[in-house]
Colleague: 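So that we are looking at the same thing, I have put the structure below in structure tokens.
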Number of protein chains: 2
Amino acid sequence: MQSKNFDRTDMEILAALQGNGRLSSAELAERVSLTPSPCWRRVKRLEDEGVIRGYRTEIDVRKLGFNVTAFVLISLDQKAAERVKAFEDAVKRVPEVLSCHCVSGRYDHQLTVIARDLDAFGELTRYVLGALPGVKEVYTSFVLKEVKGSGHAISLPAE
Amino acid sequence: MQSKNFDRTDMEILAALQGNGRLSSAELAERVSLTPSPCWRRVKRLEDEGVIRGYRTEIDVRKLGFNVTAFVLISLDQKAAERVKAFEDAVKRVPEVLSCHCVSGRYDHQLTVIARDLDAFGELTRYVLGALPGVKEVYTSFVLKEVKGSGHAISLPAE
DNA sequence: GGTGAAAGCGAGGACCA
DNA sequence: TGGTCCTCGCTTTCACC
């Protein structure tokens, strides 16, 4: 829990790696004007310190037939810790829920959900999400278009 | 742009690759009970067909000192196409905006935004986001906790 | 941070079942 | 389609400037 000791080169490495998580030390080194060894050492350090949480493959869910993506906002009937935990544990087990964040504001949780079509989405909210423990209110906001991708974070806002 | 022709093995490959985007064909093959070659061929196909959109590195922005993450909902004063485009082009250039989706419902766009602290976030919404072309209303929902990660999509909801 | 080098392994093709 | 070599090239990783 700190933000120490990350210089411009580290940020460049992270930016490059974010765009392509499979860059080798050699390729990476070239992009940030270094040689493979020190570059590799930096990456290792970033991994060890947890700045790099992991390497993921980005999947186009629409190509898999999931044509509906929505942000689903949920408020719970009780905010007591154990009640909330029951909901959160349950939501983790729903595969159609890609992510879930506890948020401030009008609702308690925001989920990112996918479904094959509107029918499937309807069933999902009604019989699965609506039935999760403690759910009081459900608000849906469908994703109409991705304007800026989830894949290009950090273009050096630091410094 | 279809869903067809992806069997259980393909889904297993995608699931494995999502958890670790750096798996080699050999490691991957082992996890899905195959040998490297056919496994590699499947991955290649998934890449070619665009199911695999790319390989990314997941970064812990808090470790970089970005302690505030928020979903920012925005509604525009006009919904005319060129007006919307002006906003979207501008939002893409703001590095603190990690993602931006056009959504249905009370607001037009949902952004994911990071900032070093609340002060910085305040400045950002007031002077940067609030000043983007066409912005009429801004609603902020702070992320209090990540319950289910953005990194574990697709645990085989298909089939 | 840079260099050099050793050992290893990973990609990708040819070919068969 | 899956399986088995095979092989070249590159990557990793270390010891030393």
Side-chain angles (χ1 to χ4, degrees), chain A residues 2-61 63-65 151 154-156 158-159, chain B residues 1-60 63-65 151-152 154-159:
Chain A
Q2 72 286 27
S3 64
K4 54 169 189 195
N5 297 354
F6 296 115
D7 63 14
R8 164 147 225 96
T9 306
D10 287 316
M11 297 308 293
E12 283 174 8
I13 287 176
L14 291 174
L17 237 31
Q18 201 148 53
N20 183 352
R22 284 195 150 178
L23 287 174
S24 65
S25 297
E27 293 170 301
L28 193 54
E30 197 174 350
R31 298 203 188 189
V32 302
S33 309
L34 254 122
T35 47
S37 288
C39 190
W40 177 82
R41 282 193 286 250
R42 279 171 181 269
V43 172
K44 192 95 176 63
R45 173 172 160 244
L46 290 167
E47 289 173 350
D48 291 343
E49 302 207 355
V51 177
I52 291 177
R53 289 179 71 177
Y55 301 92
R56 317 257 171 254
T57 299
E58 190 187 345
I59 290 172
D60 187 338
V61 291
K63 288 273 168 60
L64 292 178
I154 313 290
S155 46
L156 302 185
E159 198 70 59
Chain B
M1 32 185 105
Q2 231 59 300
S3 62
K4 268 220 183 63
N5 296 353
F6 296 115
D7 62 15
R8 163 150 226 96
T9 306
D10 287 315
M11 295 308 292
E12 282 174 8
I13 287 176
L14 291 174
L17 237 31
Q18 200 147 55
N20 182 353
R22 283 197 151 178
L23 287 175
S24 66
S25 296
E27 294 169 302
L28 192 54
E30 197 173 350
R31 299 204 189 187
V32 303
S33 309
L34 258 139
T35 47
S37 284
C39 190
W40 177 83
R41 281 193 287 247
R42 279 171 181 269
V43 171
K44 192 95 176 63
R45 175 174 160 243
L46 291 167
E47 289 172 351
D48 291 343
E49 301 208 356
V51 177
I52 291 177
R53 289 179 71 178
Y55 301 92
R56 316 258 171 256
T57 299
E58 191 188 344
I59 290 171
D60 188 337
K63 288 271 168 61
L64 293 179
H152 310 123
I154 312 290
S155 46
L156 302 186
E159 196 73 59

Colleague: For B:Thr57, is there any backbone N or O sitting under 3.5 Å from a side-chain donor or acceptor partner on A:Arg56?
Modeller: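 A pair under 3.5 Å: no.
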Colleague: Would you please name every residue forming a side chain to side chain contact (heavy atoms under 4.5 Å, CB included) with A:Arg22, sequence neighbours left out?
Modeller: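 For A:Arg22 the side chain to side chain contact (heavy atoms under 4.5 Å, CB included) partners, ignoring immediate neighbours, are A:Asn20, B:Leu17, B:Glu47, B:Tyr55.
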Colleague: List for me each residue that meets side-chain hydrogen bond (donor to acceptor under 3.5 Å, both in side chains) alongside B:Ser24, sequence neighbours excluded, and say none if there are none.
Modeller: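 Partners of B:Ser24 by the side-chain hydrogen bond (donor to acceptor under 3.5 Å, both in side chains) criterion, ordered by chain and then number, come out as B:Glu27.
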Colleague: I'd like to compare against my own output: the B/S/- annotation of nucleotides 3-14 of chain C with a strict under-4.0 Å heavy-atom distance to protein.
Modeller: BB-----SSSB-
Colleague: What integer number of Å spans the P atoms of D:dT13 and C:dA11?
Modeller: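 Looking at atom P only, D:dT13 and C:dA11 are 15 Å apart.
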Colleague: If you walk 5' to 3' along DNA chain D, what is the first nucleotide with an atom under 4.0 Å of a heavy atom in chain B, and what is the last?
Modeller: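 Contacts span D:dT1 to D:dC5, reading 5' to 3'.
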Colleague: By side chain to side chain contact (heavy atoms under 4.5 Å, CB included), which residues pair with B:Thr35, not counting sequence neighbours?
Modeller: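 Applying side chain to side chain contact (heavy atoms under 4.5 Å, CB included) to B:Thr35 gives B:Pro38.
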Colleague: For side-chain contact (heavy atoms from CB on, under 4.5 Å), just list the numbers for A:Ile13 and A:Cys39, CA-CA rounded to whole Å, side-chain angles, deciding distance to a tenth of an Å, and then say yes or no.
Modeller: CA-CA 8 Å; A:Ile13 287 176; A:Cys39 190; 4.2 Å; yes
Colleague: Taking only Watson-Crick and G-U wobble pairs with both distances under 3.5 Å, what dot-bracket line describes DNA chain C, where [ ] shows pairs that cross earlier ones and | shows pairs with another strand?
Modeller: |||||.|||||||||||
Colleague: I'd like to check the salt bridge (charged side-chain N to carboxylate O under 4.0 Å, His left out) partners of B:Arg53; sequence neighbours left out, ordered by chain and number.
Modeller: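 Partners of B:Arg53 by the salt bridge (charged side-chain N to carboxylate O under 4.0 Å, His left out) criterion, ordered by chain and then number, come out as A:Glu58, A:Glu146.
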Colleague: For residues B:Gly50 and A:Asp60, report the shortest heavy-atom separation together with the two atoms involved.
Modeller: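 Looking at all heavy atoms of both residues, the closest pair is O-CB, 3.4 Å.
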Colleague: Separation of B:Leu34 atom CG from C:dA17 atom C1', in whole Å?
Modeller: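 After rounding, the reported distance stands at 15 Å.
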Colleague: Taking side chain to side chain contact (heavy atoms under 4.5 Å, CB included) as the test, write out the residues that go with A:Asp48, two or more places apart.
Modeller: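 Side chain to side chain contact (heavy atoms under 4.5 Å, CB included) list for A:Asp48, sorted by chain: A:Lys44.
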Colleague: What's the separation between atom CZ in B:Phe6 and atom CZ in B:Arg42, rounded to the nearest 0.5 Å?
Modeller: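 One gets 10.5 Å once the value is rounded to the nearest 0.5 Å.
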Colleague: List for me each residue that meets side-chain hydrogen bond (donor to acceptor under 3.5 Å, both in side chains) alongside A:Glu30, sequence neighbours excluded, and say none if there are none.
Modeller: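 Residues passing side-chain hydrogen bond (donor to acceptor under 3.5 Å, both in side chains) with A:Glu30: none at all.
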